[in-house]
Amino acid sequence: MISWLLIFSGVLLAGVLAVNMLRPRFKKVVVSAARFFKSLPPAKEVKSRLRLSNPARSRPLYLQLLMLALLVVALLLYRSRMSGLQRDGVALWILIDTSASMDTRLDSGGSRFDLAIEKARLSIASAEEAAEGLELRIRVSAFDLEVRDIVNTQSATAALDALESLKVRPLGTDLGEVNNKIAMVEEQNESDEPDDLDYRFTHMHVISDQSFRPQSINYVRVIWDNVGSPANNQGILDVQPSGRDPITALIREMSVTCEYYGERVGATVSVTSPTGEKLRTSKLTWKRNRRATVTFPVADSGFYRVTLSASSEYDDRYSWDNRAAFLLSDNDTHHVNAFWGMNEKSWLKSIRWNDVARSKQADVNLVPLRNSAFHYSSTPTVLVGKPIQGKVKDHLPISIFENHPLVRNLDFDAFDKLRMHGIPHSKLPEGFQSVLADSKKRVWVAFRVDPPAVYLPRLPKITANPGPDDAVSQLLFVNAARWLLSSKAQAMEPLYQLTDLENQEPKGNRIALHPGEGDTSSPNPTSSGSIDDMKQTSLGTEKIPVWPGVLACCALVFLFERGMASYGSPKWR
Amino acid sequence: MVSTLPDFLPLPISRSGLERYRMRSRRMIRPGMLGGHLMRRKGQSMEFRDYDNYQRGDDVRYVDWRASARYGQPEDLLVKNFVAEEQLRIFVSLDNRASMMFPEPISKMQYALWLGEALGVMTAPFGDHLTLHRLFGKSGSGLLEFGRSSSSLSRPVEKLFADLGEHQEEVNLRPLKKHLPPTAIWMIISDFYFEDDRNALMLSDAINRAQDGMRWIILVDIDSWPHEKAALGVGSRRIDGPGFVENKSEFDLDEDVYEDLEKAIQAHKERFLKRIKSGAYDLSTWAWPAVPEFNHQDHFSSRFLNEKLIQRIFMRDA
């Protein structure tokens, strides 16, 4: 910093001196015949004397050096602050939860959000009273997935007016954002020289249906109002695929998981197909974990709507989780172009992949291991081993990398019982890592990331009555194909998406099933502090940065110099 | 520009040397020539000086018959010559405008004062009158008489310029009526940088009227420009001085500029002189040396002692 400053100052100083050295210098002479000079043309200002000499010691030179000095001082004092006035009063920051769960209705008839607004009003009134004519500053923010400022004012009336503009948004809650703000205020209050007075508050009032999470807070009074209380709610918890075609991986069955809080009363779930037909209406059977699951088959692509209906006598206090929707996309069926280098092509037809010539661009190669021409192909490649007839005699326990996608859903017991022949790892091309192998480094399944490739021991056979080994082979093949194709970033559309900051309203398959929002149990609502404790304290000493003042002086000198050069006597030029 | 009277420096010429001069008007003159254009009879006392041959027109009352009979040829008559005790008046007007207070450190006014004082020293021992006159300023004042009792300017000169009044630029002509009699010498010492205004017109009219009264008008032009030009040199200069507007004071001076300036100065002076009757005055230009620095005292001494007009008025005693 200092070295750069020196270089910068040096360049500016050299520039100022050079300009003044090149300025025409006018030696002042008093002559008795001065009146006869009136008729002479004045000297040309821009005429310069290109010669090295001492700079003309003129008033502009001194002013320019003063400006330079002020500029350097301003840079040097970039971080310097000078003490301002000591301020006393009340600075209150109200953070109001506007997440979806705040729409939960209370016994009194209003919602948790209405109660929160009422508490905020009381808080503002209490702060105004505590300030007793001294400085009052109120900042109102709302939070859900983000903390957003509504108003930052010194007027209680303005703060109250700002509350009117608040409303609940069907979004989730991120208490981490609130805790970050508390930490920022804590840090600013702890510091004797706070950087940002916008984060210096005497009190923070958080109003939410979430409970206070105790943390070490010493320098700011945090009042945490939990407006949540136990309430009845039945809602959809999740919608997930529960059954896929084993070969094409197309979704064939969906399941809806529901949960209830409070009173246990029966409910029904109805599913509407993309064509608008009622696909299924199922009565929920609540289990001991307060959940119930309904499955239903799906076939056509399009929007499916799921609705949970409570019985008529049930008082469901929270409604955002009573509906869900998901989109079964056409893209779920992926037409793969494959270069099929195996003799047996019945399997290719059964999975409806397109067979393309080697010269054409293929999504995936499927070739025997012995065909070394494909060992390092840039196209994702499945290398298939040569099955050895008969079962292995000296079968050793297999080493399994369970987390790898190649072995997802694999029944390892069934695989172990097959006792297939593995090949020595050394026979695989370079870069392969084993997924299934035994202690003698005989490999059944292996993969390589770059270039992407998978080694499988065999292809599944097409038989009328597939045995366990065929089922294993099918699974391994499907997993391999998925893993390789995913490397080409052909991601499928999600079934549904949650509302977010960009898309706040539920629409289509964008739903408001944010985790935890429907949990109206509020088992131990924890609050902390009280607005009655509000009292005026020091808001700290205002620290005013020095450099703007110095820079302003520099600007004034500049204006003065330019003004005198334009309108002053020749001494100023 | 405000100008102040510079410190007065002592006369650089020896007083005793100056006192050896006397006015040529004191030489022997014929009785019939008394009352010529330079002199005026004063009183009746006449002192015999010598004889001369009679010329036609000589007053026969002054023929010394006895001496003619004793020394002269029969056809020659000797006529007595007398010295008339005539007192001459020299009226010296000093231009006291601001331009005369420059250049620094020795100004044109200093030269004018030296000249006035030198003339005073030369005239005072013989009872002749020399009056120093402040040409500009409050009308009616600004006179300093030189006589036997006051032949030094060291202190009285301050009085001369003390009462300038509010109208410093107005020509002070009223004292001329009383103190500038016919046959007197009126010497005007100036740089002739007069403004072309009413004052210059009044002054030229006064000079013309004075010429009518058989007065000898002598204009002494103290021309410091050659010296000032040498001091200015060539290059960028910020000019200051009397009668100058400040917001246009920076000039690039070169020979072409100087040529224009000199033409302007010369034309300006000639405009003033043309107003005066042609040939009825004497003009003496005291040009300063065209060098940046010189010894003003030596220059003045030399210039004064070699001045033809001075030599026409005064003569050194044998």
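What's counted below: heavy atoms across the whole structure, side chains too, no hydrogens, waters or symmetry copies.
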Participant: Taking all non-hydrogen atoms of both residues, which atom of Val30(A) and which atom of Glu228(B) are closest, and how far apart?
Facilitator: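 Result for this residue pair: O-OE1, 4.3 Å.
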Participant: Tell me whether the count of non-hydrogen atoms from other residues, nucleotides or ligands lying under 6.0 Å of CD in Glu270(B) goes above 12.
Facilitator: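 More than 12 within 6.0 Å, yes.
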Participant: Select one option (side chain, backbone, both, neither) describing which atoms of Lys229(B) are under 4.5 Å from chain A's heavy atoms.
Facilitator: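 Looking at Lys229(B), nothing touches chain A.
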Participant: Measuring only between side-chain heavy atoms, which start at C-beta, is Leu253(B) closer than 4.5 Å to Phe37(A)?
Facilitator: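 They are in contact (side-chain heavy atoms under 4.5 Å apart), so the answer is yes.
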Participant: CG of Leu40(A) to CG of Asp252(B): how many Å apart, nearest 0.5 Å?
Facilitator: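 Output value for this atom pair is 10.5 Å.
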Participant: To the nearest 0.5 Å, what is the distance between CZ on Phe36(A) and CD1 on Ile265(B)?
Facilitator: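 Phe36(A) CZ to Ile265(B) CD1: 5.5 Å, rounded to 0.5 Å.
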Participant: Can you name the side chain to side chain contact (heavy atoms under 4.5 Å, CB included) partners of Pro292(B), sequence neighbours left out?
Facilitator: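 If we apply the side chain to side chain contact (heavy atoms under 4.5 Å, CB included) test to Pro292(B), skipping adjacent residues, the hits are Ala230(B).
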Participant: Using side-chain heavy atoms (C-beta onward) and a distance below 4.5 Å, is Ser99(B) in contact with Arg35(A)?
Facilitator: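 SC-SC contact between Ser99(B) and Arg35(A) ruled out.
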Participant: CE/Met100(B) to OG/Ser32(A) distance, rounded to the nearest 0.5 angstrom?
Facilitator: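 Here the rounded value is 9.0 Å.
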Participant: Decide side chain to side chain contact (heavy atoms under 4.5 Å, CB included) for Phe102(B) and Val31(A); before the verdict, give the C-alpha distance in whole Å, the side-chain angles of both, and the deciding distance to 0.1 Å.
Facilitator: CA-CA 7 Å; Phe102(B) 295 95; Val31(A) 292; over 6 Å; no
